[in-house]
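Values below: all heavy atoms of this structure, side chains included; hydrogens, waters and symmetry mates excluded.
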Amino acid sequence: MTSSEFEIAVIGGGHAGCEAALVAARLGCKVVLLTMSLDGIANMPCSPSIGGTAKGHLVREIDALGGQMGKQTDLAMLQFRMLNRGKGAAVHSPRAQTDRSLYHRNMKNVLEQTENLVVKQAEVKGLTVGSNSEIRSVVTQLGCEYFVAAVVVATGTALNGRIFVGQHAFFGGPDGTRAAAGLSQSLEALGVKLRRLKTGTPARVLRRSIDFAKLEEQEGDEKVVPFSFETKQELVNSVVCHIAYTNESTHTIIRQNLNKSAVYSGQIVGVGPRYCPSIEDKIVRFANKERHQLFIEPMGQDTQEMYVQGMSTSMPEDLQLQIYRSIEGFENVQIMRPAYAIEYDCCNPLDLCPTLETKKIEGLFSAGQFNGTSGYEEAAAQGLVAGINAAHKVLQRPTLVLPRSSSYIGTLIDDLVTKGCNEPYRVMTSRSEHRLLLRQDNADARLTPIGRELGLINNDRWRTFSRKTAEIKTETEWLKKTMIPPCELLNQLLDRIGNERANNAISLGDLVKRGISYPDLANLWRGFSGGEKMLPALEVIERVEIDIKYEGYVEKQRSQVERMQRADGKILPPGIDYHKIDGLRLEAREKLSEIMPRSVGQVSRISGVSPADISNLLIWLAKISRKDGGQ
C-alpha cells in the first residue's frame, strides 16, 4: 500500500511526537502520526509527574507558544507544588503529580479530534530519500509506504531498546512495550550517526503494602498555579505524597551486590543520566551519605500502583525486593513492576541545525530522547519546535529559531546543537545565563506574541493576554508614581519588616522593593487617601511585584542579552572551509567544521573555541566583507 495524502509523518507517539503532530496539523499540514501502540500515546513510563526545576519553565513556555502539555497537565493534576519557593523568583518551578492514565486518554482524544491529523498504529522500519538527499517516504513493518515532504523522528527510548534487570537482558521498549527494530539500520544507511544512551526507572509498588504511618507526609501547595495560561477554573490537590529514606541496611545490601547490577557488571555500554542516577550510583558516588530521600507518588486515582522516585536500579528482581523492604515503612512491600535500566539508540545532536532538521537529510527532523535529552518536558519542547519547522518547510515559511535569551526552549536547543551531550541532557535553571529574564511567571509575555505570529494563538486567547499585559503596565506605573508621605501607618508597615522608618515621601514601588506585599500597599493607600484600591488578579500582582523588585538586575541582564543578540546577528556565510582560515587552532577548526555554526554568537558558545579563535575569525570575516564590497 502506498499513500500520498500526507505531507508530514511523525514517528512516535510520546510527548515529543504528540506536540510535533499537533502543531504541524494546526498550522495546516496533512500529518500522519505513526506509533507502535495507540495505548502508549503520551505515556509516562517513568515518573507520573510533569514539571520540576526548570522543567516547569519549559511546560509554561510550551503553553505560551500554543502547545498542549500544560493543558493536559492541568486536566490530569493530582497534586501541585511550586518548587524553590524559599529562593529567588528565577528558580520558582511548578511541578504536578498527574494521573498518568487520564493524561494518556485526554491527549489521545485531542490527537483524534484534531483536523488534518490521522493517528495510526504502525512500526516504521525505514526511510527513503531522493537523489538530492531529501526525504521521500517512510515505510512501515507491514510494507505500507507514506510519501511525505518532511519527517519528525520522535522514537523516545524504544529505538533498538534493550532492557536490563540484573543479568537478564532482552530487547524491549519502556513500560513493557516492544523495541523498535529496523529503523536504526535504515537511518545509519542514510548516513545518520547513532550512539547508545541509557536511562532507568524505579519499581512500582502496591499501595496497600506500604505502612504510611512510618513515612513523612508531603502535601501540595494551598494555592495551585495552573501550567496553562488558558486554565481559568480553580485547581485543587486530591492526593498526599510521602517521603521515605534509605538507611545503612539498604546501602549494605547494594554494596555487597554491586556485581549483580547491570550498570556495574559491564553489560550496559550506554551512558546514563548524571542528574538522575540509579540508587547503585548514589551509594557508590556518595559513600559518606547516611541516607537518600525517596518520594512515594501515586500513579493515578484508580490504581494501587505507587512510584518510588529516587530508587532507579538494574539489580535482579529478588535483590530489588530486599532493597525496598530494608526501607522503613516498606517492610512488607510488594513490587508490582520491577525496576529496570534501558539502553537505546539516539543521534548526535551536533548533527542537527537549530531548527532540529538534520544536516545530512533535508526534511528529516528529530526531537526528544532521540536527540540525547531526558524527560517528558524536554521532549515536548523539542517536538513543538521540530513540528513547527517541519510544517514551515512544507508551507515554505521562515524557520523558527528561538534564541537562548528568549526561553529555556531556546537554551535547550542551543545547548544541544552547539555543545552536544555525552549523557542524557537535562534542562536546569543553571544552564541559562539569563534566568532572571526567563522566569516561569512571564513565559506568556516572552513567547505568546511569537505564538500569535505563528498562528497558534486564537483571538480569544490573544485578547486575554493583551488585557493582562495592559493591567501589568497600568499597575506598575501606578506603584511607581504614587507617593506616600511619612505617616504612622507607613512606619508601622516598615517596623513590621524591620526596615528603617520613612522621613520623606516614598513611592509604593520603592516599598515593593523593601519587601512590603501588594495587599499591604493597597491598605496603606486606602488609609492614606480614603479611596478604594481594587486588587488585580493574583497573576498580575505576582508579575508586578517581581518586575519591580528585580528591576535593576533585569535591566543588567537585558543589556547582556543585547550584546549577545548583536553577536548572534552576525550571520556566517554558508559552506565556510575553516581549515583554510589562518590563526585558528586545530581543535577550533575541527569543532567549527563539525558544527558549522550559523552565527558568531553560536561560535562563542562552542567548547574548544577560544577568544583568540573568535578574534581571528572576525578578522577573516572583515577581510571577506571588504573583498565583497570592493567587487
Query raised in the report: Checking salt bridge (Lys or Arg N to Asp or Glu O under 4.0 Å) against Glu297, which of Arg95, Arg204, Arg100 comes through?
Result: Arg95
With [X], which residues qualify under side-chain contact (heavy atoms from CB on, under 4.5 Å), at least two apart?
X	answer
Arg255	Glu248, His251, Thr252, Ile283
Ser184	Leu159, Asn160, Leu194, Asp345
Pro226	Asp74, Thr231, Leu235

Taking NZ, NE, NH1 and NH2 as the nitrogens, is one of them in [X] or [Y] under 4.0 Å from a carboxylate oxygen of the other?
X	Y	value
Asp415	Arg605	no
Lys71	Asp63	yes
Lys591	Glu594	no
Asp444	Arg60	no
Glu331	Lys214	yes
Arg207	Glu305	no
Glu343	Arg162	no
Arg446	Glu61	yes
Glu219	Arg81	no
Asp221	Lys223	no

Quick one: ring-ring contact (aromatic ring centres under 6.0 Å, His included) partners of [X], sequence neighbours excluded?
X	result
Phe370	none
Tyr376	His15
His434	none

Query raised in the report: Would a line drawn from the ring center of Tyr245 to the ring center of His292 be shorter than 6.0 Å?
Result: no
**Report entry** Check against side chain to side chain donor-acceptor pair (under 3.5 Å), Ser314 and Ser261
**Finding:** CA-CA 5 Å; Ser314 60; Ser261 163; 3.2 Å; yes
Query raised in the report: Between Phe80 and Phe227, how do the two ring planes meet: parallel, tilted or perpendicular, split at 30° and 60°?
Result: perpendicular
